[in-house]
Protein chains: 2
Amino acid sequence: MDTLPGKTVERLSQYRRRLLNLLDDNVEYIFSHELAEIIQISAVQVRRDLMLLGFSSVHRKGYPVEMLIEVIGQRLDDEKEQNVAIIGMGNLGTALASYLNGIRPKLKIVALFDIDKKKEGMEIVGVKCYPFSELGKVIKSKRVSIGVITVPQTSAKKVAAQLVKNGIKGILNFTHIPLNVPSNVSLEEYDMITSLEKVAYFVKESQEK
Amino acid sequence: MDTLPGKTVERLSQYRRRLLNLLDDNVEYIFSHELAEIIQISAVQVRRDLMLLGFSSVHRKGYPVEMLIEVIGQRLDDEKEQNVAIIGMGNLGTALASYLNGIRPKLKIVALFDIDKKKEGMEIVGVKCYPFSELGKVIKSKRVSIGVITVPQTSAKKVAAQLVKNGIKGILNFTHIPLNVPSNVSLEEYDMITSLEKVAYFVKESQEK
DNA sequence: AATTAGTTGTTATTTATTTCACATTTGTTT
DNA sequence: AAACAAATGTGAAATAAATAACAACTAATT
Ligand SMILES: NC(=O)c1ccc[n+]([C@@H]2O[C@H](COP(=O)([O-])OP(=O)(O)OC[C@H]3O[C@@H](n4cnc5c(N)ncnc54)[C@H](O)[C@@H]3O)[C@@H](O)[C@H]2O)c1
Ligand SMILES: NC(=O)c1ccc[n+]([C@@H]2O[C@H](COP(=O)([O-])OP(=O)(O)OC[C@H]3O[C@@H](n4cnc5c(N)ncnc54)[C@H](O)[C@@H]3O)[C@@H](O)[C@H]2O)c1
């Protein structure tokens, strides 16, 4: 079975989140155009994505919500749990720890790290903060495969290198320093300033019209 | 002059950030392949983007760093300042306020909002927090054109509607509730869970190989 | 049971984005 | 000053992503 395009993965993640809401409201079936409407994309796009999952609707009733959630999970989630660590417990890291914790059953936040002695041993939403020097040890003992980087820019490269050295498989980088990792490590970078500048640009453009 | 593709805008934003670093290090010229290397993209991509700016290098010396920063600014930035408000001063909103404040001279964080009475009047990095009820008034008096939404999911739609009603021109939404805004309002949505799930998916895929 | 209407799955098409390939330009070397 | 080298700018090609178009299917209606 082929690896899905990144764009499709993003949308599947969103579909699932919306579908879980619908399930809470006891919605049993949903049409492609309804799901599309919620996410603000086209119905064809939805159908195309679901096609890639090889999942079919019940004709004239739509897609069964619960089963669709299940199928998306089968495709996106690892069978075993994937363990995540967050490195840098400042403003953003702390916000993320509480936000991400428990949000997906298969993605566990299992460790936090900081070099600040004051934060050592601290717990956020029940997850312990370790000194950065124990990175390697904890990654091994807790089988961490994904690292989220929220340290100051100046430390980003150092931290990434350490993660890679200790066998991490994926990195989500929130600093605005572009990282350079081996091709067997999945990398996702996100920069909030870029998002803000993008909105600002399109606002400017629309006003010039 | 045509509106740039969103992808190009994103990269220009990144180029500028890197170029500003280079300027600090007194680098005067840079080749397309050097900039490409830093951002981890191809040199052609860099040249194509700069081509869209109509900006030329000095042959065999590269692109003059300072002038390039200037040209990117002319294209991305509004001539006048663009004023930004952040709505929802919880973990993420607070982190963002201190992060975004002052990061681009033309993008000013001028107001923060929260419904929590305890936060009223509070200042973060010198910016005042107003009660949500004063949204309309403050947007007008401070000429806010961009709103950043960091309220709980349940309030996201309500807040967006209020922003639109009060004439906001652009919204950056960090909740994972998809928003529905009129087409004259620029919308940028970002969901950290999606990023994390994406990394997790590609980690899983790479391990199945 | 025939007709209608609504929705899907998929192929074809279009549009957007990236990469290739190379002629062109100009500093440097011989 | 000729040959070379390094980089650029860009048209053409390739790739990726989104949209359109529609035949096929079936639940509901007559
Ligand atoms: N605050 C935001 O909203 C925001 C948004 C986008 C990006 N960022 C980026 O995220 C990063 C963190 O932002 P922040 O506002 O949380 O900063 P912060 O200064 O509040 O937090 C950084 C934390 O990292 C710790 N740290 C420093 N070096 C470390 C190391 N080598 N190993 C482990 N921990 C280390 C510090 O002790 C501190 O607790 C920055 O690079 C920033 O550019 C922040
Ligand atoms: N924490 C994160 O790292 C993170 C990451 C991604 C997305 N998010 C999303 O961002 C949002 C905020 O996250 P958070 O962790 O900061 O939550 P939070 O609960 O810490 O903060 C929310 C703040 O919004 C205020 N608020 C509530 N209703 C409001 C209204 N109508 N107008 C103005 N203010 C209002 C609350 O008083 C509170 O201060 C959530 O929707 C969350 O899903 C958070």
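Computed over heavy atoms, backbone and side chain alike; hydrogens, waters and symmetry mates excluded. Proteins get letters first, then strands, A, B, ... in listed order; numbering begins at 1 in each.
- What you find for A:Asp77 and B:Lys204 is that their closest heavy atoms are O-CD, 3.3 Å.
- We find that CG of B:Leu68 is positioned 17 Å from P of D:dA7, with the value rounded to whole Å.
- When distances run from any side-chain atom of A:Val44 to the nucleotides C:dT10, C:dT17, C:dG9, the shortest one goes to C:dT10.
- By the side-chain hydrogen bond (donor to acceptor under 3.5 Å, both in side chains) test, B:Tyr15 is found to be paired with B:Asp49, residues two or more places apart in sequence or in another chain being considered.
- With ring centers used as reference points, A:Tyr190 lies under 6.0 Å from B:Tyr190.
- Distances shown here put every side-chain N or O of A:Ser57 at or beyond 4.0 Å from the OP1 or OP2 atom of C:dT7.
- Rounding to whole angstrom units, CG of residue B:Leu4 and C1' of C:dT17 are separated by 14 Å.
- Of the candidate nucleotides C:dG9, D:dA7, D:dA18, C:dG9 has the atom lying nearest to any side-chain atom of A:Tyr63.
- Residue-to-nucleotide contacts include a donor-acceptor pair under 3.5 Å from the side chain of B:Arg48 to the base of D:dG11.
- Rounded to an integer number of Å, the gap from A:Phe55 CZ to C:dT8 C1' is 13 Å.
- At least one side-chain nitrogen or oxygen of A:Ser42 sits closer than 4.0 Å to the OP1 or OP2 atom of D:dT19.
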*Would you please test B:Glu205 and A:Thr3 for side chain to side chain donor-acceptor pair (under 3.5 Å) and show each step?*
CA-CA 7 Å; B:Glu205 286 295 304; A:Thr3 296; 2.8 Å; yes
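- Separating the CZ atom of B:Phe31 from the P atom of D:dG9 is a distance of 12 Å, rounded to the nearest angstrom.
- Between A:Thr8 and D:dA17, a side-chain N or O to OP1/OP2 separation shorter than 4.0 Å is absent.
- Summarising the geometry, the separation between CG on B:Asp49 and P on C:dT17 is reported as 11 Å, rounded to the nearest angstrom.
- Each of B:Gly62 and A:Ile41 was assigned the nucleotide of DNA chain D with the nearest heavy atom; the assignment lying further toward the 5' end belongs to B:Gly62.
- Rounded to a whole Å, the CG atom of B:Leu35 is 14 Å from the C1' atom of D:dA7.
- When all heavy atoms are compared, the tightest approach of A:Ile109 to A:Leu112 is CG2-CD2, 3.9 Å.
- Remark: B:Tyr29 is not in phosphate contact with D:dA7, judged by side-chain N or O atoms under 4.0 Å from OP1 or OP2.
- Nucleotides of DNA chain C nearest to A:Met51 and A:Lys61 differ in position, and the one nearer the 5' end is that of A:Lys61.
- Going from atom CZ of A:Arg47 over to atom P of D:dT19 covers 12 Å, rounded to whole Å.
- The CD atom of B:Gln45 sits 15 Å away from the P atom of D:dG9 (whole-angstrom rounding).
- Judged by closest nucleotide on DNA chain D, A:Arg11 is the one of A:Val58 and A:Arg11 placed further toward the 5' end.
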